[in-house]
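Below is one structure, written out as structure tokens; comments come after it.
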Amino acid sequence: MLRPKIPTMPTPTGLVSPPAVIEPTAIAPGIPVPPPAPVVPAPSRPVVQLTSGSTLGLVGAGTAVVLVVGAVLVSLLLAVAITGASVAVCAVVLRSLITADAKRR
């Protein structure tokens, strides 16, 4: 009842051509080629020259980045502290309400 059915191979229809014959060819040894001479690469970019004005600009930009990142981190820390304090106050108020309700009964 549960036997698999094996498909039968279909017979080819139409003209069948014989397989092509491949003849071997002789391999001739190649002539050795000398390796190319090494090429010295040209410098890809110029050397950066720092002047006093560009140094002051870099120091100013670095200071600004440090101050901005510090302000963001301090504000995040302050937000977490305020949230924790408010959750603690809510917990104390809920605890006092539950204990007061239990004493009345």
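The residues of the chain are indexed from 1 along the displayed sequence. Basis for what follows: all heavy atoms, side chains included, without hydrogens, waters or symmetry-related copies.
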Would you tabulate the side-chain donor-acceptor contacts of residues 67-75 under 3.5 Å, counting partners in other chains and residues two or more places apart, or write 'none'?
unit_1	atom_1	unit_2	atom_2	d
S75	OG	A71	O	3.2
S75	OG	V72	O	2.7

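The hydrophobic cluster around I6 extends to none of the other residues, as no ILVMFWY side-chain heavy atom falls under 4.5 Å of it.
Here the CG atom belonging to L56 is positioned 11.0 Å from the CG atom belonging to L50, to the nearest 0.5 angstrom.
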- Message: Using the rule given for side chain to side chain contact (heavy atoms under 4.5 Å, CB included), can you reason through D101 versus L97, listing the C-alpha separation, both sets of side-chain angles and the distance that settles it, and then say yes or no?
- Response: CA-CA 6 Å; D101 188 37; L97 287 174; over 6 Å; no
